[in-house]
Protein chains: 2
Amino acid sequence: MNRRQRFLAACKSQPVDRPPIWVMRQAGRHLPEYRKLKEKYSFHELVQTPELALEVTTQPLRRYNMDAAILFSDILVIPEALGQPYHFRDVGGIEMEFALSSKADIDKLSIDAIEEKLAYVPAAIKLIREELGDDRALIGFGGSPWTLATYMIEGGSSKTYARAKQMFYAEPELFEALMEKITAGLVRYFEMQIEAGVDALQIFDSWGGVLSPHAFEHASTKWMGRVVEAIGGRVPTVVFSKGMHHLLDPLVATGADVLGVDWTTRLSDVRRALPANVAVQGNLDPIILNTTPEIVREEATRILDDMRGIDGHIFNLGHGITPQAKIECMEALVETVTTYGQ
Amino acid sequence: MNRRQRFLAACKSQPVDRPPIWVMRQAGRHLPEYRKLKEKYSFHELVQTPELALEVTTQPLRRYNMDAAILFSDILVIPEALGQPYHFRDVGGIEMEFALSSKADIDKLSIDAIEEKLAYVPAAIKLIREELGDDRALIGFGGSPWTLATYMIEGGSSKTYARAKQMFYAEPELFEALMEKITAGLVRYFEMQIEAGVDALQIFDSWGGVLSPHAFEHASTKWMGRVVEAIGGRVPTVVFSKGMHHLLDPLVATGADVLGVDWTTRLSDVRRALPANVAVQGNLDPIILNTTPEIVREEATRILDDMRGIDGHIFNLGHGITPQAKIECMEALVETVTTYGQ
């Protein structure tokens with residue numbers, strides 16, 4: 001069983017010798033070699049140049065014994081391809097060039113040129129696939145329709161998601177029209193990724209957790225379910241709705257093979273409450289990687305012990321690694337997981 | 001059964017004619033009369049001048065048929081009284097005058113003068129108590145030891161709570177020393193509030209939800225339990241740990257009479273999983289109050305219907321009301337709850 005097979009077996013809740021591991025945002029700012037590249041190239045250049053995306057994607061694999069790579073990209077390439085560009089503020093996160101608020105704004109969005117505009121993505125995937133060969137899994141990804149909609153309606157990062165929620169509650173037709181477009185764009189984007197060679201797809205519903213249970217079903221999981229349905233089992237799917245591990249019914253209804261779980265709950269509780277064929281991915285608190293290798297070993301072992309003997313577990317953090325994470329902590333994490341039970 | 005009796009009965013999970021209602025941060029920026037006062041006085045002046053705190057506390061009661069008032073104050077008066085002042089940044093939240101990082105920093109904190117430094121609090125409570133008489137309940141409050149510790153260690157607001165978590169994980173003795181001091185200060189502060197006449201106490205564990213289950217027990221609920229124990233049933237206690245409604249065992253173990261629940265879960269699911277004598281408080285999404293009266297009625301009724309026939313429910317939002325909430329939405333909310341079932 002090689003690393004790719006281990007990852008894919010765990011996605012299908014099949015028995016494995018040990019849980020496969022990868023880390024959300026493993027390619028990025030915690031790595032000195034990434035920070036060095038960033039001195040020369042902008043984030044957008046790294047994402048949009050296939051050779052650079054290849055380099056960034058594979059940087060963590062040279063350091064760590066990961067079972068999977070994740071394409072280096074960004075969830076906001078979809079709004080951009082639909083006609084709503086963005087940039088990163090120096091302080092305060094993401095800023096879209098404008099905020100959607102009217103039917104005219106939404107009518108202007110178009111998925112027609114998505115294949116051309118995002119051609120750099122399959123180009124990067126092909127290069128990465130070639131580099132990885134059959135030895136490690138390659139994960140593609142996108143934002144959930146709801147999470148993308150929050151950026152598009154708020155005009156960037158938000159604290160309260162007031163505008164996005166207001167459109168959902170008070171202008172349901174407008175909201176539906178927007179969600180239809182985002183979902184159609186996302187389906188095409190995922191098809192491009194599958195054709196180019198990804199082994200699995202993760203949907204990041206980063207802001208699903210700001211909704212009430214009723215709104216979560218209607219504004220988020222319903223649309224993720226449509227995306228998963230369109231993927232049609234061609235590759236396994238992972239749905240990560242941060243903060244929503246207690247709403248398992250709508251999450252299971254999406255049809256995802258794997259649910260990402262944040263660090264605020266006991267992973268075995270979630271796994272046991274799920275159907276036997278739905279796996280979990282998680283769930284170490286990312287901040288543990290900012291402490292010491294000893295603490296990392298202790299906290300990672302706590303999760304491994306909790307999940308011992310339970311199929312369908314992909315080890316990961318409960319959210320993205322922070323730029324302040326220490327290399328020696330990541331090394332301790334990977335060593336702990338990859339040698340567990342030996 | 002008057003409003004105060006209704007609120008107190010619900011705290012004890014006893015039958016009531018309808019759920020009592022109050023709203024977190026009901027006194028504050030959503031009210032034009034508050035904003036007018038703020039033109040003349042600083043936030044600190046409003047908090048520290050008993051006549052002004054009385055005025056602000058009672059402003060929402062003149063507009064809305066609330067069953068309870070909550071003292072107008074701030075959780076950070078405790079760090080301030082221990083020797084760590086703070087102010088509000090124009091952008092980016094709270095800034096403490098310094099961040100705690102060493103044993104010497106923590107040794108310098110002192111609870112000795114807390115009664116003098118916070119004398120304005122019982123003075124305000126006595127004025128409010130007199131104004132309310134026996135007709136409405138008066139809720140006192142404080143931050144949880146963990147939540148206060150995050151501000152004190154981070155030096156203000158935070159996104160990742162990395163420093164606070166690092167102290168918890170990597171410097172447990174330092175962390176314990178700090179928590180002992182905060183907890184001792186909080187207990188004295190709550191005793192002052194009880195003696196001055198509050199009917200109930202709410203502990204705001206606003207940042208409990210950033211912890212893993214294991215850390216939550218050791219960094220947060222354990223210390224809240226100490227505080228509840230010291231209150232010793234003299235008044236009912238409410239514990240609000242945002243985002244942690246799935247970790248009921250440690251929350252119940254605090255001994256609180258009521259658990260505050262945010263809007264991301266179905267309230268009846270939480271209530272049914274609790275012992276019969278532990279009530280719930282919540283849980284409308286605050287952003288609903290920024291929409292329309294019709295939507296408010298629909299969403300509030302969804303919660304009331306879900307909780308119909310279940311004792312031990314105090315209606316509230318799932319978090320504080322926002323400054324953008326509309327008066328007509330608050331009116332619709334209060335009307336919906338106070339006329340429910342008639």
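Residue numbering restarts at 1 for every chain, and letters A, B, ... go by the order of the sequence lines.
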Q: What residue, out of A/A215, A/G318, A/S212, A/G209, has the most heavy-atom pairs lying under 4.5 Å from chain B?
A: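 With the most close heavy-atom pairs to chain B, the winner is A/S212.
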
Q: In terms of heavy-atom pairs under 4.5 Å, which option from A/G208, A/A170, A/P213 contacts chain B the most?
A: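 Highest number of heavy-atom pairs under 4.5 Å: A/P213.
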
Q: Any idea which heavy atoms bring B/T264 and A/L247 closest together, and the distance?
A: O-CD1, 3.6 Å

Q: Among residues 284-298 of chain B, which residues come closer than 4.5 Å to chain A, judged by heavy atom distances?
A: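 So far as heavy atoms go, B/D285, B/I287, B/I288, B/N290, B/T291, B/I295 are the residues that approach chain A to under 4.5 Å.
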
Q: Is B/F216 close to chain A through its backbone or its side chain, or both, or neither, when contacts mean heavy atoms under 4.5 Å?
A: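 Answer is neither: B/F216 stays 4.5 Å or more from chain A.
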
Q: So which residue, A/R266, A/Q324, A/R302, ends up with the most heavy-atom pairs under 4.5 Å with chain B?
A: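 Of the options given, most contacts go to A/R302.
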
Q: Do the rings of A/H246 and B/H246 sit parallel, tilted or perpendicular, given the 30° and 60° boundaries?
A: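 It falls in the parallel class, under 30°.
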
Q: Let me know if B/H319 has heavy atoms under 4.5 Å from chain A in its side chain, its backbone, both or neither.
A: neither

Q: Which members of residues 158-167 of chain B, sorted by number, sit under 4.5 angstrom from chain A on a heavy-atom basis?
A: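 Near chain A, by residue number: B/T160, B/A162, B/K165, B/Q166.
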
Q: Considering only heavy atoms and a distance below 4.5 Å, find which of B/N283, B/D269, B/T265 pairs most often with chain A.
A: B/T265

